Number of protein chains: 2
Amino acid sequence: MEKKPDHCRVEDALGILVGKWKPVILLYLLQEGTKRFSELKRNMPGITQKMLTKQLRELEEEDIIERVVYPQVPPKVEYSMTEYGRSLEPILEAMHEWGTRHTEHKMKKQIQVKSSS
Amino acid sequence: MEKKPDHCRVEDALGILVGKWKPVILLYLLQEGTKRFSELKRNMPGITQKMLTKQLRELEEEDIIERVVYPQVPPKVEYSMTEYGRSLEPILEAMHEWGTRHTEHKMKKQIQVKSSS
DNA sequence: TGCTATAGTATACAAAAAGATACTAAGGAG
DNA sequence: CTCCTTAGTATCTTTTTGTATACTATAGCA
């Protein structure tokens, strides 16, 4: 474990944000508040139950989200950001913003490539 | 491609930061300036040439870093952040900071778990 | 002549992540 | 009695990542 140069704790944040679906989940929960499993699933077309479950468990494990089970049939489970999880908000928004600009940047580049060929 | 809810451009930033080595490479280049291949490799014990090459190519592809080849033998290739790449700096630093706090957060949790068992 | 150095490529393989699909429990509706 | 619902598991296959290893060109040095 003591292998990386210690100037890089970025990975600790990355570990939480990575996984193709985690950012979508987190932004959704940040913006919409508490949501149940099926709502999350509906909001992310293409995700499988297995993946969604896995991502949620990992986020829960890290104290980023909270999971509340209602003992009902059919089951009801609600997810929400924890107080601590909200501390990720600035990063997520910075990335969102950068990502948006980056999409534009890429498009400009493509246009340049096209017109020079 | 038009599958994700468009409120999530976070992935575009994530795609660039992910890959186990990219953050380390980027922080190193941000802090130390221009570096050649062998210096990067030396700074990241454990990475294979193939991986380093791959990561560098991907970052170059996205305009984040620049690659300059000197026609010498033995070869000399230098890498540096582009102007554009530097726009990632605030995100990287935010993640670095959050990551550091998160490590502490986890440690506190472990102590709690220990003392309650 | 043979060895070293740099920045790679090529190939094979192992491990991890993601995806597809089928299955479950148990109450309510018809 | 059967089907629907929700929030999952379990199992298998595919894809993506990462690792290990060997190989390359060519100038300079001994």
Side-chain angles (χ1 to χ4, degrees), chain A residues 1 3-5 8 10-26 28-29 32 34-62 64-80, chain B residues 1 3-5 8 10-12 14-26 28-29 32 34-62 65-80:
Chain A
M1 279 291 123
K3 240 181 170 177
K4 302 286 166 36
C8 192
V10 180
E11 319 235 355
D12 293 307
L14 230 41
I16 278 153
L17 268 11
V18 183
K20 188 171 181 186
W21 298 103
K22 279 177 192 165
V24 200
I25 295 169
L26 292 177
Y28 186 56
L29 287 178
E32 311 279 318
T34 304
K35 288 286 158 192
R36 47 193 298 197
F37 188 86
S38 52
E39 293 176 294
L40 288 166
K41 194 165 167 246
R42 220 169 298 127
N43 191 249
M44 282 155 243
I47 199 173
T48 58
Q49 270 141 317
K50 187 193 164 188
M51 261 303 115
L52 182 51
T53 305
K54 206 187 144 217
Q55 308 294 296
L56 290 169
R57 289 293 136 75
E58 287 175 15
L59 291 169
E60 195 196 348
E61 181 69 19
E62 300 282 352
I64 308 297
I65 63 171
E66 202 188 355
R67 176 168 178 265
V68 179
V69 183
Y70 296 84
Q72 302 177 354
V73 167
K76 177 179 173 185
V77 180
E78 283 186 345
Y79 294 90
S80 57
Chain B
M1 281 291 125
K3 241 180 169 179
K4 303 285 165 40
C8 191
V10 180
E11 319 235 355
D12 293 307
L14 230 40
I16 278 153
L17 269 11
V18 184
K20 189 172 180 182
W21 300 102
K22 279 177 194 166
V24 200
I25 294 169
L26 292 177
Y28 185 57
L29 287 178
E32 310 280 318
T34 303
K35 289 286 160 194
R36 45 193 301 197
F37 188 85
S38 53
E39 292 175 296
L40 288 165
K41 194 165 167 246
R42 222 168 295 127
N43 192 247
M44 282 155 241
I47 199 171
T48 57
Q49 268 144 317
K50 189 191 165 190
M51 260 304 115
L52 182 51
T53 304
K54 206 186 145 217
Q55 309 292 296
L56 290 169
R57 289 292 136 79
E58 287 174 16
L59 291 169
E60 195 196 348
E61 181 69 20
E62 299 283 353
I65 63 172
E66 202 188 355
R67 176 169 178 265
V68 179
V69 183
Y70 296 84
Q72 303 177 351
V73 166
K76 177 178 172 186
V77 180
E78 283 186 344
Y79 294 90
S80 56

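All of these numbers come straight from a predicted model, not from anything done at the bench. Per chain, numbering begins at 1; letters A, B, ... match sequence-line order. Only heavy atoms go into these numbers, but all of them, side chains included; no hydrogens, no water, no symmetry mates.
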Rounded to whole Å, CD of B/Glu78 lies from P of C/dT6 at a distance of 14 Å
Hey, does the side chain of B/Arg57 come within less than 4.0 Å of C/dA7's phosphate (OP1/OP2), counting only N and O? no
Rounded to whole Å, how long is the line connecting atom NZ of B/Lys35 with atom C1' of C/dA7? 17 Å
d(CG, B/Leu52; C1', C/dT6) in whole Å: 13 Å
Using a heavy-atom cut-off of 4.0 Å across all strands, would you classify B/Tyr70 as base, sugar-phosphate, or nothing? nothing
Closest heavy-atom pair and its distance - B/Lys22, B/Gly15: NZ-O, 3.8 Å
So, for B/Pro23 and B/Leu17, which heavy atoms are closest and what is the spacing to 0.1 Å? CD-O, 3.1 Å
Going 5' to 3' on DNA chain D, which nucleotide is the first and which the last to come under 4.0 Å of a heavy atom in chain A? D/dT5 to D/dC12
B/Ile65 versus B/Arg67: any side-chain heavy-atom pair under 4.5 Å? no
In short, B/Ile16 meets B/Leu59 closest at the heavy-atom pair O-CD2, 3.9 Å
Whether A/Glu39 side chain and A/Arg36 backbone form a donor-acceptor pair below 3.5 Å: yes
Review item, side-chain donor-acceptor pairs of residues 70-77 of chain B, under 3.5 Å, at least two apart:
{"from": "B/Tyr70", "atom 1": "OH", "to": "B/Glu78", "atom 2": "OE1", "distance (Å)": "3.1"}

Please determine whether side chain to side chain contact (heavy atoms under 4.5 Å, CB included) holds for the pair B/Ile25 and B/Asn43, giving the CA-CA distance in whole Å, both sets of side-chain angles, and the decisive distance to 0.1 Å. CA-CA 9 Å; B/Ile25 294 169; B/Asn43 192 247; over 6 Å; no
What do the steps show when you test B/Arg57 against B/Glu61 for salt bridge (charged side-chain N to carboxylate O under 4.0 Å, His left out), and what is the final call? CA-CA 6 Å; B/Arg57 289 292 136 79; B/Glu61 181 69 20; over 6 Å; no
Are B/Thr53 and C/dA7 close enough that a side-chain N or O sits under 4.0 Å from OP1 or OP2? no
Figure out the CZ/P separation between B/Arg67 and C/dT6, and round it to whole Å. 16 Å
Could you write nucleotides 12-30 of chain C as a row of B, S and -, 5' to 3', where a protein heavy atom under 4.0 Å of any base atom gives B, of only sugar-phosphate atoms gives S, and otherwise -? B-----BBB-----BS---
